[in-house]
Structure formats: C-alpha cells, structure tokens
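All figures in this text were calculated on a predicted structure; none of them were measured in a lab.
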Amino acid sequence: MIKTRIAPSPTGYMHIGNARTALFNYLFAKKYHGEFLLRIENTDLERSKKEYELDILGNLKWLGLNWDGEIIYQRERSPVHREYLEKLLGEGKAFYCRHSAEELAGEQKEQQTNKTVLKHNCDHKDKSLAGGVIRLKNQNKKIVFNDIIRGEVTFDSELLGDIVLAKNLNTPLYNFAAAADDHDTEISHVIRGEDHLSNTPKQILIQEALGFKRPDYAHVPLILAKDRSKLSKRHGSPRLGVAGGTAVTEYKNAGYLPQALVNFMALLGWHPADNREIFGLEDLIKEFDLARVQKAGAVFDGTKLDSINNYHIKQLVPAELAQYLKPYLNDHSPSDEQIIKIAHLFQDRLNKFSEIAQLSAFIFNQPEYDSKMLLWKGASPEKTKNNLETILMILEKLSGDSFDIDSTATEIMPLANKTGRGEMLWPLRVALTGLEKSPGPFEIMEVLGREESINRIKKAAGKL
RNA sequence: GGCCCUAUCGUCUAGUUUGGUCUAGGACACCACGCUUUCAAUGUGGUAACACGGGUUCGAAUCCCGUUGGGGCCGCCA
C-alpha cells in the first residue's frame, strides 16, 4: 500500500513550496491508489498557531488536494513519543546530556574558529542521570540511502555528532517525532523538499535505533526565487507586479484559479514525456511519475503562471467567470447581468481576476481624456465631430430593447466601411472608454447601454 | 568553513538510464508579419542554450574525472 503524507508545521501561512510538495505527494499516492495523509507538526508550542493551521487546511482544500483519513496532530502523539524515548534510554541507545547552553555555545564557537564540523559529541553518554536533553548515541557509520529522484546518497554519520532527540520526555523534536510518526502511520514514501535531504540521515539513524523499516525517499528540487535563492516570505507579492509572493492565499486573492496554480506547480520540476503542458488534477494523476522529476531547483516564473491562468480563465463559461469576478467589482455593485457582460468582454485578456477592477473602470466612471485622443491618424476635428454626430443619429433611432452588439454593428459598420473604419470607429471607441487600448466599441456599447453610450458620444462631440 | 545536492535557450523544460536519428525539440517571455478601428485573443515565422577543461570512444548534450558556478543544510525550529 502506497502511503504518502504532507507534514506542514502551522508556524506560517502555507506557501508555494509546501503546496507543490503536497501536490506531488497527492499525485503519487493517487496514481497508485494509495493514501495521502495530512500531519500537522505542531510540537513547537510557541510558534504554532490555529490561524496558520486553518490557512493550510483551507488551501489544501482549495487546491483540491484532499487528504485521506483524520488529520494527525503530532502533539497528540506525545505519549507514544515518550514510550519510544524511554525505550531508547532503557536500551542505552539514547542518553541525557546535561551540558548547559553556554557550554555548547562555547564548544560551537571553538569549532567555528578551528573550522571543524559543528557537532556535539557528548561525554555524558555513560552517566545515566536524568535531566537535560535526550540525545542519540552516535554509531559512527556510513549512511547510504537510495533517493528515487537523486539516486544513491551517502552521508557520514560521524559528522553528525550525538543528535538531539527531545528536550525532555514530553517534548520530542522534529527529526525524532517525524521518524516515529512516519513509521506508525506506515508511510511508504517520504516525498519532501530538498532542504530536508540533510535531515534524512538523522531520521534513518533514529529508525535504525528503534528497529523501524526505512521508507523510500524522494527529495524534490526546491522552488527558487528570481535570484535563485530558496523561495521565502521575503520575496514580494503577486499584487506588486509579476508574481513572486509565497503564500498560496496571496495567489488566491490575486485571482488565480486553483486549477491553474496546480497546473503550473506540477510543471515546476516535473514534465511529461511529451510536449503537453495543460493538465487538470485527474490528468496529472495519470501522468505523474517521480522518476521524471527534475534534480535541479526551478525558478518560479510568474509570467508563465499568468499565461497558464489566462488559459484556464478562457475555459470558463461567462456565468462562471462572472462569479469569480464579482468580489473584485464590489465597489460598483453591478447587477449579475452586467457582470456577465463584463466577464464576456474581458475573458480573453485577463491574466488574473484582480485585473478586472482596473480594466473595467471606464464602464463605471465617466472617462476623462484629451480631445486630441479622439482624432484618428491626422483626421480633422471637424470631420471627426461629424462622424460622431452621424453615429449619434443612428443610435438614437435604435430602441433601448434592441440595443446590442448586432444591431449597433449592422447599422454602423456599412457607414464605417464607406468613411474609413479608423475614422469612424476609433473616435467612437475613445468616446466610450477614454482609452487607447480597450475591447471593441460595439461590445462596449452593449455593456454600457443606450443612454450611457449616447451620453458619452455627445460629450465627445462637444469636446471637438 | 564542513557536508550534501545540482548544472540544456532569459525562465520552465524534452533529449541523458539504453552514446550516433540533436545543424538540440516544445512552452512562457521577446521580436516580426497576418487578421484587425486600438489593444487583447488568434495564426505564421524568428532571435535564443548543451558552464569550462580533460579523458573514454570511430562518434558525447548524453559515460568518467576535475574545475567553476548555483542551491540546501549545519537550532534544545520544523
């Protein structure tokens, strides 16, 4: 039975790196009809917060990465951890280290100046006095494990010293708790970020001391910021220019579709054998293969995310898109019917939903612009005014009920073809939007309606 | 500094396991052209990479060694 897990600590908002690790764990488990577990590593009492936990849960659900079974809270497993610690202590595999923080700091400082390995080889191993932290007795051996992505990886455990397992019997530390929980929940494959590669030998040492079976490992490459450093909270927000933020919630708020984010994250470090790049979660489950995961880190390119999001937005039906757009248009409280029209108007050009506010501003506010903008490539003000007035006459004859893209276009286009499309249509579009770039005039008029369209054109004619 | 990982277009990557079909393919971005009232969308085309140095071999992006570069870790955090 294939069993994977995502084991975030609730000490910060879920970020892109966690999300992609979760995705790979999910895909791998589902591909082999196994289970994907969620373990909340909340042993750090001071830094763990409910708010962060809820953020993680919410984002996993949002992305569609539903976990199997109950959530495992690491802290609740504390009695089991204690049993394991007592076992190791009893067998003489672990011991209490009573060195003070000052002593250890001094030792470390000395190692730094001597440029030797930073580690603690304790000389309290044989004194069985309780108190102080619990350390694992170093066995000084080579540790070799096979990483599914990287192949054989070797560490020399001597360089690790006597690693700390727990602050005390009731307070286990990360490596110990992770090894114990992975074993007890029968995790078959530990898939995690490369930043954990150097934790693996420690966890293997703990497994061996406890007589546990070793799971398979796969260390996925890290997601890098533009400067090629590990993506961290310091790297900007997607709202401030091209994406580069780290919290999944930021992407959600900025108006990215979960399926786009999943699609994009899957391609960060993984690629199918063929050239396809558009994938839904179900396709990914079918295609995903750990052996095809890249070894080197991948730079997060927000531009490509935008492009993938744009693709997925274009797949939505307008009514669906309208629902997504609604929260970003709250300032103007448009009707549902109006939002659907707006959705239709901008569907092809949206990279993310948050762009809609600015893109559609001209619909809700009277445009301000210089009268010169109305002139198409050297056209005279007189002629342009004349053209606008001709359009006005036509529009005024149309009734409000039949005022749509078809009726306005069929009335105006023959004239535009005769006069010159640019001379007719450019000023009309500017009159309606006040912008150099925008959707076409007939589509816009349908959204604005007869009265508003006529008003804006009158105003424009008045400027000339 | 030590240990570990890693190295194909600006970015994500195919190709590396089973050397020749690679004058290195795709996507994003960029540029040009077409369509078009503008922009977007779309279509066509283009610029752009095997880090370097040694081997092995008839032949290396692909195998080996070294160098250089990049990254991660080195907490009584996870």
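- Using a 4.0 Å heavy-atom cutoff across all strands shown, A:H120 reaches no nucleic acid atom at all.
- Note on A:L104: a base of the nucleic acid sits closer than 4.0 angstrom, heavy atoms only.
- Using the six-membered ring where Trp is involved, A:F288 and A:F24 have ring planes that are tilted, between 30° and 60° apart.
- Nucleotide B:A41: unpaired (no Watson-Crick or G-U wobble partner with both distances less than 3.5 Å).
- Applying the salt bridge (Lys or Arg N to Asp or Glu O under 4.0 Å) criterion to A:E86, with sequence neighbours excluded, gives A:R82.
- When both distances must be under 3.5 Å, the Watson-Crick or G-U wobble mate of B:G20 is B:C58.
- Applying the side-chain hydrogen bond (donor to acceptor under 3.5 Å, both in side chains) test to A:D370 and every residue at least two apart in sequence or in another chain returns nothing.
- The nearest heavy atom of RNA chain B to A:N199 and to A:Q108 marks one nucleotide each, and the one closer to the 5' end goes with A:Q108.
- Contacts of A:Q294 with the nucleic acid, taken as non-hydrogen atoms under 4.0 Å apart, involve only primed sugar atoms and P, OP1 or OP2.
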Test log, rule ring pair (Phe, Tyr, Trp, His ring centres under 6.0 Å), inputs A:H196 and A:Y174: CA-CA 11 Å; A:H196 282 288; A:Y174 168 70; 5.6 Å; yes
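- Comparing B:C74 with B:A78, their P atoms are spaced 12 Å from each other, to the whole Å.
- Residues of residues 260-270 of chain A having a heavy atom closer than 4.0 Å to RNA chain B, listed by number: A:L267, A:L268, A:G269.
- Nucleic acid contact class of A:K314 (heavy atoms, under 4.0 Å, all strands): sugar-phosphate only.
- Contacts of A:E194 with the nucleic acid, taken as non-hydrogen atoms under 4.0 Å apart, include base atoms.
- Within 4.0 Å (heavy atoms only), A:R421 reaches sugar-phosphate atoms of the nucleic acid but no base atom.
- RNA chain B is contacted by both A:V117 and A:E277; A:V117 maps to the nucleotide lying nearer its 5′ end (nearest heavy atom per residue).
- A:F362 and A:F346 have perpendicular rings, their planes meeting at more than 60° on a 0 to 90° scale where under 30° would count as parallel.
- The salt bridge (Lys or Arg N to Asp or Glu O under 4.0 Å) test applied to A:K418 returns no partner, not counting sequence neighbours.
- Partners of A:D184 by salt bridge (Lys or Arg N to Asp or Glu O under 4.0 Å), not counting sequence neighbours, listed by chain and number: A:R77.
- With sequence neighbours excluded, the residues forming a salt bridge (Lys or Arg N to Asp or Glu O under 4.0 Å) with A:R5 are A:D182, listed by chain and number.
- Counting any heavy atom pair closer than 4.0 Å across all strands shown, A:P439 reaches a base atom.
- For residues 144-166 of chain A, proximity to RNA chain B is found at A:R150, A:V153, A:T154, A:F155, A:L159, A:V164, defined as any non-hydrogen atom under 4.0 angstrom from a strand atom.
- Nucleotide B:A49 forms a pair with no other nucleotide shown, judged by Watson-Crick or G-U wobble geometry with both contacts under 3.5 Å.
- Across all strands shown, B:A78 forms no Watson-Crick or G-U wobble pair with both distances under 3.5 Å.
- The residue A:P221 sits apart from the nucleic acid: no heavy atom pair falls under 4.0 Å.
- Using cut-offs of 30° and 60° on the angle between ring planes, the pair A:Y84 and A:F212 is perpendicular.
- For the side chain to side chain donor-acceptor pair (under 3.5 Å) condition, the pairs that include at least one residue of residues 371-388 of chain A, sequence neighbours left out, are A:K383-A:E423.
- In this structure, A:R292 reaches the sugar-phosphate backbone alone: every heavy-atom distance under 4.0 Å involves primed, P, OP1 or OP2 atoms, never a base.
- Among the atoms of the strands shown, only primed sugar atoms or phosphate atoms (P, OP1, OP2) are found under 4.0 Å from some heavy atom of A:R228.
- Sequence neighbours left out, the pairs with a member in residues 144-153 of chain A that pass salt bridge (charged side-chain N to carboxylate O under 4.0 Å, His left out) are A:R150-A:E194.
- The outermost nucleotides of RNA chain B lying under 4.0 Å from heavy atoms of chain A, listed 5' to 3', are B:G1 to B:A78.
- A:R292 is linked by a side chain to side chain contact (heavy atoms under 4.5 Å, CB included) to A:W270, A:A273, A:D289, counting only residues two or more places apart in sequence or in another chain.
- The side chain to side chain donor-acceptor pair (under 3.5 Å) pairs that include a residue from residues 426-447 of chain A are A:R429-A:S438, where partners are two or more places apart or lie in different chains.
- Residue A:S438 is in base contact, counting any heavy-atom pair closer than 4.0 Å across all strands shown.
- Using P as the reference atom, B:A60 and B:A51 are 15 Å apart when rounded to the nearest Å.
- Both distances falling under 3.5 Å, in either a Watson-Crick or a G-U wobble arrangement, place B:G2 opposite B:C73.
- The base-pairing partner of B:U11, taking Watson-Crick or G-U wobble contacts with both distances under 3.5 Å, is B:A27.
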